Each structure stands twice: as structure tokens, then as C-alpha cells.
Amino acid sequence: MEALVGIMLACAFSAAMLRNAVFHSAALSTAGTVFCGVFVQAVPFLALGVVVSGLIAAFVSPERLARWVPRRPALAVLTAGIGGAALPGCECGSVPVARRLFGDGGATGAAALTFMLAAPAINPVVLVATAVAFPGAPMMVLARMGASLLTAVVMGWAWARWGRPEWITRRLPPSAEAIQSRWAVFAEAARHDFLQAASYLVLGAAAAATLHVLVPPWVFAHLAGDVVLGITVMGALAVVLALCSEADAFVAASMTMVPLLPRLVFLVVGPAVDVKLFAMQAGMFGRAFAVRFAPITFLVATASASVIGFFLLGGAR
């Protein structure tokens, strides 16, 4: 907190110099716009997510959650994937919720990770936004939903089979069963999760802004003629741009020079793994988890979008 206050005071005292530097630099102006766009879009959904995670900490005990989740990991993962459609929010809000649901791992942990990947990609808000952004390609909605759900379920099953609890090195504050008031538990859990997730959201948004200005516009001109190159670049672009899942469909729709299949990869990879999500997962779960989970999620999301898109979109542009 002291470091944050010191940085804010330094920025306040040097506001005029910083403003002039930004106004006279196109790169800094673009970076500032991207940073504010990512952060402002994500914060409301992050707030929604930490409210849900606080309510889970206060009112849903691990024992009760274990009774709700099917005992068989395969069924638990499938249930969580379908249930992800019930929470309108973006990926920033789903990370703290998943951390609260994770518990000690096992079937509950696999279901929590499945929910974390499914909720921001197949909820009604995102699907409606995708339908509005692609009015001439109605199959894009079905392709996005199918590929995102497949990604979430595969990753959940993978964790149930090969995941290790020792990879989770970040611990949540003790569940305050000893505290009389459940609302005190809710307030403390929400405060902890918001500060933890928001601090890494700032780092992720800053990384997205920095990388955004390094991608030259002419790159898109080379994507239309090579589908494999388009898939690779659009997947990588989704990682570095770190867009909110409620807004990424409109960005993808504006890339009319790129075929639909690479744009589908962009929409499926983005809510599953990007620079801000990697930073937030490292902060909430631990670096050992993030460095294993993110690369595999990227490969699974890319493969799922490519397969589903090939059958549902074909050669459509």
C-alpha cells in the first residue's frame, strides 16, 4: 500500500510532464488507450467475480460444495462446463471465483478450472455479443460455444488425470469459521481477492498495452492467404491483446481481411489464456500452476477452435 501511494503521489506531482509526453507520442497514446480499455472493461466484471467469490467463502463450505459436485471427475467437469453459462462475466472475474471453488483439488478442483474457462466464453452476454458482431455468420456463435466448451472440458479432465495439488503455491486466507459474522468473512474474502487479482490485472493490462504497439498493421495483410499462419498469428494476438470476452467479438469482426476460422481461434483462445490471465492465475494459484496450465490451454484452445471451425465454418470468410 505504501508503494502504491508513493507511485500515485509521484504521478500526481509529475502530471503535466507525463501528459505532454503522452500527447506528443503516438505509441504512448495508443498504449495508454489500450491499457485503459482493458482495465476499465475488466474491472466491473472483476468486481462481480470477487463478490461471488466472497459469497462462496462466507456461505459455501468446502464440505457443502463437495456434496454439490458429482463424485466422478468426468461428470463433475462436464457439469461445471455447462454450468459456466450461468454466470455473466468475463475471464477476470472467473479467476477468483475458480480459486475459491478449487478447494483442495480432486473432482472439485477439476470442476473449478473447467468453470474458470467456460464461464467467460459461453455465458449469454458473450454469445449475444458474438451474434451481434457477426450478423452474417450465425454459425460463428455455435462454433465459439462448442470450441470453448470443448476446451474447458478437456482441460478439466486433464487436471483430474495429471494435475498435482503441490502446483498450487498461493494459499487463500484461512476460512474464518471462528469469526461470528458471515458478512465479515465475505468482506475480508472479497477485499483479499480483489486486491490480489486487480494488482495482477494492472500488470497484465500494462503488458497488453506494451505489446499492442509492437504489432505492426501490415501483419494482417499476410494472414488472409495462409490459414495455418492466420490461426497461429490470431491465437498469439489474442494472448497479447488481452481483450475482455464481452468486447473481443467486435474486435474480431472488424478484422474483415482475415478468414472466419482464424478469427474463431482468436475468440476461443482469448478468454482461455492471455497475458493478464496468466498474471492473475500466477497471483491466485501460483507460478508453478500458471506456467503449466497456460501453454497447454493455448494448445487445446487452438486445436479445439480449428477442428470445430473446420466443420462448422468451412471455407467461409
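Note that the coordinates shown come from a computational prediction; the quantities given were computed from them, not determined experimentally. Values reported hereafter were calculated over all heavy atoms of this structure, with side chains retained and with hydrogens, waters and symmetry mates removed.
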K.L.:
Over all heavy atoms of both residues, which pair between Val132 and Pro135 is shortest? Give the atoms and the distance, please.
P.N.:
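Scanning both residues, the minimum pair turns out to be O-CD, 3.3 Å.
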K.L.:
Hey, what do you get for CD (Gln281) to NZ (Lys276), rounding to the nearest 0.5 Å?
P.N.:
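Output value for this atom pair is 10.5 Å.
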K.L.:
Where does the angle between the aromatic ring planes of Phe186 and Trp183 fall among parallel (under 30°), tilted (30 to 60°) and perpendicular (over 60°)?
P.N.:
perpendicular
K.L.:
What's the separation between atom SG in Cys11 and atom CE in Met17, rounded to the nearest 0.5 Å?
P.N.:
9.0 Å
K.L.:
Taking the side chain as every heavy atom from C-beta outward, state whether Met116 and Arg99 have any pair of such atoms under 4.5 Å apart.
P.N.:
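No, every pair of side-chain atoms sits at 4.5 Å or beyond.
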K.L.:
Check Pro262 against Val227 and note the closest heavy-atom contact, atom names and distance.
P.N.:
CG-O, 4.4 Å
K.L.:
Looking at side-chain heavy atoms only, is the closest gap between Trp157 and Trp162 below 4.5 Å?
P.N.:
no
K.L.:
Quick one: hydrophobic cluster around Phe278, which other residues, with the 4.5 Å side-chain cut-off, linked directly or via members?
P.N.:
Val291
K.L.:
Would you mind listing every salt bridge (Lys or Arg N to Asp or Glu O under 4.0 Å) that reaches into residues 141-152, with sequence neighbours excluded?
P.N.:
Arg144-Asp248
K.L.:
Is there a side-chain contact between Phe102 and Trp159 in this structure, where contact means two heavy atoms from C-beta onward sitting under 4.5 Å apart?
P.N.:
yes
K.L.:
Rounded to the nearest 0.5 Å, what's the gap from CG on Leu142 to OG1 on Thr130? Could you check?
P.N.:
11.5 Å
K.L.:
Given side chains that start at C-beta, do those of Met155 and Ile296 come closer than 4.5 Å, heavy atoms only?
P.N.:
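Yes, their side chains come closer than 4.5 Å.
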K.L.:
With the side chain counted from C-beta on, respond yes when Phe298 and Phe293 share a heavy-atom pair under 4.5 Å apart, and no when they do not.
P.N.:
no
K.L.:
Do Leu260 and Arg263 touch side chain to side chain, with heavy atoms closer than 4.5 Å?
P.N.:
yes
K.L.:
Not counting sequence neighbours, which residues clear side-chain contact (heavy atoms from CB on, under 4.5 Å) with Ala31? List them please.
P.N.:
Ala209, Val213
K.L.:
Do Asp274 and Val240 make a side-chain contact, defined as non-hydrogen atoms from C-beta onward lying under 4.5 Å apart?
P.N.:
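The answer is no, as the side chains (C-beta and beyond) never meet within the 4.5 Å cut-off.
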K.L.:
Drop me the distance from Phe23's CZ to Leu18's CG, to the nearest 0.5 angstrom.
P.N.:
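If we round to the nearest 0.5 Å, Phe23:CZ and Leu18:CG are 11.0 Å apart.
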K.L.:
With Ser25, which residues qualify under side-chain contact (heavy atoms from CB on, under 4.5 Å), at least two apart?
P.N.:
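Counting only residues at least two positions away or on another chain, Ser25 forms a side-chain contact (heavy atoms from CB on, under 4.5 Å) with Ala27, Leu28.
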K.L.:
Backbone N or O of Pro120 within a donor-acceptor pair of the Ser245 side chain at under 3.5 Å?
P.N.:
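It does hold such a pair.
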K.L.:
Is a donor on one side and an acceptor on the other found under 3.5 Å between the side chain of Ser29 and the backbone of Val22?
P.N.:
yes
K.L.:
Please report the closest heavy-atom contact between Ala288 and Thr169, naming both atoms and the distance.
P.N.:
CB-CG2, 4.4 Å
K.L.:
Roughly how far apart are Leu261 CG and Ile231 CD1, rounded to 0.5 Å?
P.N.:
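Atom-to-atom, Leu261:CG and Ile231:CD1 are 4.0 Å apart.
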K.L.:
Partners of Ile122 by side-chain contact (heavy atoms from CB on, under 4.5 Å), sequence neighbours excluded?
P.N.:
Ala85, Ala118, Met145, Ser148, Leu149
K.L.:
With side chains defined as the heavy atoms from C-beta onward, is the minimum distance between Val40 and Phe35 less than 4.5 Å?
P.N.:
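They are not in contact (no side-chain heavy atoms under 4.5 Å apart), so the answer is no.
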K.L.:
Restricting to side-chain contact (heavy atoms from CB on, under 4.5 Å), what partner residues turn up for Ala236, sequence neighbours left out?
P.N.:
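Per chain and number, Ala236 pairs via side-chain contact (heavy atoms from CB on, under 4.5 Å) with no residue.
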